[in-house]
Number of protein chains: 2
Amino acid sequence: MARATERLQRYLEDELGECRSEAVEERLDELGTLEAAIGPEQVDTELDVLSALANETRYTLVRVLVAAEAELCVCELHAVVDVTESGLSHALSGLVEAGLVEGRKDGRWKKYRATNRAVALVTVIEGSVDE
Amino acid sequence: MARATERLQRYLEDELGECRSEAVEERLDELGTLEAAIGPEQVDTELDVLSALANETRYTLVRVLVAAEAELCVCELHAVVDVTESGLSHALSGLVEAGLVEGRKDGRWKKYRATNRAVALVTVIEGSVDE
DNA sequence: TAGTCGGTTGAGCAGTAGCTCAATTAATGC
DNA sequence: GCATTAATTGAGCTACTGCTCAACCGACTA
């Protein structure tokens, strides 16, 4: 960190043209503020959600459920991903934990549907990529 | 797959109340369509983007750059994440590859800024999580 | 032109993610 | 009650991710 701060100091001298040593503290503060404004625990949640989506099996499930705009049975979902029943169950449980999917038991079948969060995210991700 | 199809068959019999074996083919088709409508190569890109974001170091960098609404020098970014200079460089290069960040050389310094894609995604992710 | 500094690249290592297999739970039917 | 079926859980294995270290490239400066 010491070396990094020195570098930042030199950078600021370079950018600002002058050499106020306070500038470094100030800048570090600003950067710290940017980071802090984010709210560390929210970031954790966001990372959990992103990690849940960043996997082919799980993302496919979410996209299919969002596209379906309806509940789908586990056995239906099994038809769209290429993993074992066990793998599918693990995947779905991860998605539930991330708040991307909700499950409901119906007799001996279990049905899942996408949450609003999933719909919002998938919509934007699709949109921001196909340009 | 064979067993899975049998299960789907039973499920459909159960749901539809009757037993048309075409129903299975039909349903498989519908599911296949849902999946296909997605466009497999776009999904690959989306997964790349998601994977790039789903890491604390990289996500922090993106969030800071988005919040900054400005270019930041590598040496400034070094102040907000807890990795070596090398690790930082690797992280940034991953983000560039995912189209989330753009780099520009300025003399002997290098500056990065968030792309529109990054802004769009971060905004929605923040929004969809803080409810 | 040699040296220094900012940043990148590649190799290698530790930790975790994602899968399967086997065992288990819960609901239905005989 | 026992068997069957849908789905979940936990253990364990492999493969990949993310980091660091060391070497390197390019731009500025003495």
Side-chain angles (χ1 to χ4, degrees), chain A residues 1-15 47-62 71-79 81-98 101-112, chain B residues 1-15 47-62 71-79 81-98 101-112:
Chain A
M1 192 63 166
R3 287 206 54 67
T5 308
E6 289 171 31
R7 182 180 300 191
L8 183 53
Q9 163 107 32
R10 281 189 292 270
Y11 173 68
L12 292 173
E13 291 172 14
D14 222 53
E15 286 296 286
L47 277 170
D48 287 344
V49 172
L50 286 167
S51 305
L53 284 177
N55 165 263
E56 180 164 10
T57 301
R58 290 190 301 263
Y59 188 60
T60 304
L61 290 171
V62 171
E71 292 182 326
L72 291 181
C73 170
V74 171
C75 60
E76 290 178 292
L77 291 170
H78 198 186
V81 291
D82 192 31
V83 292
T84 61
E85 214 175 310
S86 167
L88 173 57
S89 193
H90 282 296
L92 286 167
S93 116
L95 290 171
V96 168
E97 204 163 350
V101 141
E102 281 169 1
R104 172 177 79 87
K105 209 146 194 223
D106 182 17
R108 69 162 143 206
W109 310 95
K110 183 135 181 200
K111 301 179 178 176
Y112 285 90
Chain B
M1 192 65 167
R3 287 205 52 69
T5 309
E6 288 170 32
R7 182 181 299 192
L8 182 52
Q9 162 106 36
R10 280 190 293 271
Y11 173 68
L12 292 172
E13 289 171 13
D14 221 53
E15 286 297 284
L47 277 170
D48 288 344
V49 172
L50 286 167
S51 305
L53 284 177
N55 166 261
E56 180 165 10
T57 300
R58 290 190 301 264
Y59 188 59
T60 303
L61 290 170
V62 171
E71 293 182 326
L72 291 180
C73 171
V74 171
C75 59
E76 291 180 290
L77 291 170
H78 198 187
V81 291
D82 191 32
V83 292
T84 61
E85 213 174 312
S86 167
L88 173 57
S89 193
H90 282 296
L92 287 167
S93 118
L95 290 172
V96 168
E97 204 164 350
V101 141
E102 280 169 1
R104 172 177 80 86
K105 205 147 194 218
D106 183 16
R108 67 163 145 204
W109 310 94
K110 183 135 182 201
K111 302 180 178 175
Y112 285 91

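For the numbers below, each heavy atom of this structure counts, side chains included, while hydrogens, waters and symmetry mates do not. A quick note: this is a predicted structure, and the numbers were derived from the prediction, not measured. Below, chains carry the letters A, B, ... as their sequence lines are ordered, and counting in each starts from 1.
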Every protein N/O within reach of nucleotides 14-19 of chain C N/O, cut-off under 3.5 Å:
| from | atom 1 | to | atom 2 | distance (Å) |
| --- | --- | --- | --- | --- |
| C:dG18 | OP1 | A:Arg58 | NH2 | 2.9 |
| C:dG18 | OP2 | A:Arg58 | NH1 | 3.1 |
| C:dG18 | OP2 | A:Arg58 | NH2 | 3.1 |
| C:dC19 | OP1 | A:Thr57 | OG1 | 2.7 |

Can you pull every protein N or O that's under 3.5 Å from an N or O on nucleotides 23-25 of chain C?
none

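Between D:dT4 and B:Arg10, no contact under 4.0 Å exists linking OP1 or OP2 to a side-chain N or O. Remark: A:Tyr11 is not in phosphate contact with C:dG7, judged by side-chain N or O atoms under 4.0 Å from OP1 or OP2.
Of all nucleotides listed (C:dT9, C:dT8, D:dT8), C:dT8 comes nearest to the side chain of B:Val74. Checking D:dA22, C:dG7, D:dT9 against the side-chain heavy atoms of B:Ser86 singles out D:dA22 as nearest.
Checked against salt bridge (Lys or Arg N to Asp or Glu O under 4.0 Å), B:Glu85 has the following partners two or more places apart in sequence or in another chain: A:Arg7. Taking the salt bridge (Lys or Arg N to Asp or Glu O under 4.0 Å) definition, one finds that B:Asp82 meets it with nothing, sequence neighbours left out. Scanning for side-chain hydrogen bond (donor to acceptor under 3.5 Å, both in side chains) contacts around B:Glu102 gives B:Arg113, with sequence neighbours left out.
For the pair B:Glu97 CD and C:dT8 P, the computed distance is 14 Å after rounding to whole Å. The distance from atom OH of B:Tyr59 to atom P of D:dG18 is 16 Å, rounded to the nearest whole Å. Here the C1' atom of nucleotide C:dT8 and the NE2 atom of B:His78 are 14 Å apart, to the nearest Å. The separation between B:Leu8 atom CG and D:dT5 atom P is 16 Å, rounded to whole Å. Here the C1' atom of nucleotide D:dT17 and the CG atom of B:Leu50 are 16 Å apart, to the nearest Å. Spacing between atom CD of B:Glu85 and atom C1' of C:dT9 amounts to 13 Å, rounded to whole angstrom units. Protein atom CD of A:Glu6 is 9 Å distant from nucleotide atom P of C:dG6, rounded to whole Å. When rounded to the nearest whole Å, the span between CG of A:Leu77 and P of D:dT8 equals 10 Å.
Test B:Val74, B:Val62, B:Leu61 against B:Tyr112 for side chain to side chain contact (heavy atoms under 4.5 Å, CB included) and you get one pass: B:Val74. Of the residues B:Glu76, B:Lys105, B:Arg104, the one that meets the side chain to side chain contact (heavy atoms under 4.5 Å, CB included) test with B:Lys111 is B:Arg104.
One distance of note links SG of A:Cys75 with CD of B:Glu6; it measures 12.5 Å at 0.5 Å rounding. To the nearest 0.5 angstrom, B:Lys110 atom NZ is 7.5 Å from B:Ser89 atom OG. Distance check: B:Thr57 OG1 to B:Leu77 CG gives 12.0 Å after rounding to the nearest 0.5 Å. The structure places CG of B:Leu47 at 7.5 Å from CG of A:Asn55, a figure rounded to the nearest 0.5 Å. B:Cys73 SG to B:Trp109 CH2: the interatomic distance, rounded to the nearest 0.5 Å, is 6.0 Å.
Closest approach of B:Ala98 and B:Ala52 over heavy atoms only: CB-CB, 3.5 Å.
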Inset, instruction - Heavy atoms under 4.0 Å is the rule here; annotate nucleotides 25-30 of chain D 5' to 3' with B where the base is hit, S where only the sugar-phosphate is, and - elsewhere. - result: --SS--
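The number of heavy atoms from other shown groups lying within 6.0 Å of CD (B:Glu56) does not exceed 12.
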